[in-house]
Structures are given as C-alpha cells and as structure tokens.
Amino acid sequence: MAVSVTPKAAAQIRKALVKRGGGVGLRLDVKTSGCSGYSYALEFADAPAPEDLVFECEGVQLLVSAQSLPLLDGTQLDWVREGLNEGFKFDNPNAAATCGCGESFAV
C-alpha cells in the first residue's frame, strides 16, 4: 500500500513548508463528509502521529493514518492549474464516484 506525489505537487509541498517555517511533510486524510460520503483533508505536519504511516516520494514525506490508507491506497497527488484556479488534485483509483463539485468521493 502506498501514496505518491508528482514532481509538481512535491515542489508545491516543499515551497509551502518553507513558507510556514518548517514541518516534516503533508498529512493526507479522509473524513466522512460531503455529498458522496468521504472528503479529502490535507494539513502540514510538524511530526508524525502514532497512527501515521510515512511515505517518501519525490523528496517529500506524505503522512497517512492507517485508518485512511485503504481509501487512499494507490492515490497520486498532483498540482494542477485549471483556468485561474490551481491546487492539489487527487488521482484516487479507489474512488468509484465523485460529487459534482469534486470535493467528495465514494468507494
């Protein structure tokens, strides 16, 4: 089981960690919410939590709780620009459906 990032996403994570003054990496999590059942949560981490699994990819650390990993296994995090908007985009092979706004997913 694993998660990964593209080079563009890794560059953005490194940039954000420098801007915030440090941290060990980016925590990816899944919360029960949204119109499709689950939503993604991202936060910068200063230290791994006891339940975190740590993945090293493209020179950055991704922290995922053992509880969220089955829903995120195989996910690749990318940084995309669509029109005037830019941000992280999840390519999750476990997502069977997403809501119209793209903020939540179902498995």
Side-chain angles (χ1 to χ4, degrees):
M1 294 188 143
V3 294
S4 63
V5 294
T6 64
K8 285 182 186 179
Q12 289 299 320
I13 293 167
R14 283 191 293 276
K15 185 175 161 182
L17 287 170
V18 167
K19 185 176 180 178
R20 79 183 287 267
V24 297
L26 183 67
R27 179 172 288 112
L28 286 70
D29 205 358
V30 173
K31 306 286 184 194
T32 303
S33 71
C35 49
S36 291
Y38 298 103
S39 64
Y40 299 109
L42 296 174
E43 69 177 345
F44 291 98
D46 292 320
E51 70 276 4
D52 283 341
L53 300 165
V54 180
F55 300 93
E56 179 84 26
C57 184
E58 297 290 336
V60 297
Q61 288 189 358
L62 303 173
L63 296 84
V64 180
S65 71
Q67 181 179 345
S68 293
L69 187 56
L71 298 171
L72 293 172
D73 184 34
T75 296
Q76 184 176 56
L77 188 62
D78 196 6
W79 181 263
V80 297
R81 176 174 284 164
E82 296 171 347
L84 298 175
N85 299 317
E86 62 183 357
F88 289 110
K89 181 178 181 180
F90 290 83
D91 181 12
N92 185 346
N94 304 300
T98 58
C99 69
C101 65
E103 295 297 319
S104 64
F105 69 100
V107 290

Practice problem: Say whether, by atom type as modelled, one donor and one acceptor occur between the side chain of D73 and the main chain of A2 under 3.5 angstrom. | Solution: yes
Practice problem: Could you grab the distance from atom CD of Q12 to atom CH2 of W79, nearest 0.5 Å is fine? | Solution: 4.5 Å
Quiz item: Is there a side-chain contact between V5 and D78, using heavy atoms and a 4.5 Å cut-off?
Solution: no
Practice problem: Answer yes or no: is there a side-chain heavy-atom contact under 4.5 Å between Q76 and T6? | Solution: yes
Quiz item: Is it the case that more than 12 heavy atoms not belonging to R81 sit under 6.0 Å from its CZ atom?
Solution: no
Exercise. Report, as yes or no, whether the 6.0 Å neighbourhood of atom CD on Q67 holds more than 12 heavy atoms from other residues, nucleotides or ligands.
Key: no
Practice problem: Can you see which heavy atom on R27 is nearest to which on A49, and at what distance? | Solution: NH2-N, 3.5 Å
Practice problem: Check whether any side-chain heavy atom of Q61 sits under 4.5 Å from a side-chain heavy atom of L17, and report yes or no. | Solution: no
Quiz item: Within a strict 4.5 Å, meaning less than it, do heavy atoms of the S4 and L77 side chains meet?
Solution: no
Practice problem: May I ask you to decide if the ring planes of F90 and Y40 are parallel, tilted or perpendicular, using 30° and 60° as cut-offs? | Solution: parallel
Quiz item: Heavy-atom distance under 4.5 Å between the side chains of L72 and N94, does that happen here?
Solution: no
Exercise. Kindly give the heavy-atom pair with the smallest separation between K89 and E82, and that separation in Å.
Key: NZ-OE2, 4.1 Å
Exercise. Indicate yes or no: at least one non-hydrogen side-chain atom of I13 is less than 4.5 angstrom from one of L62.
Key: yes
Practice problem: Measure across S68 and V30 and return the closest heavy-atom pair with its distance rounded to 0.1 Å. | Solution: OG-N, 3.2 Å
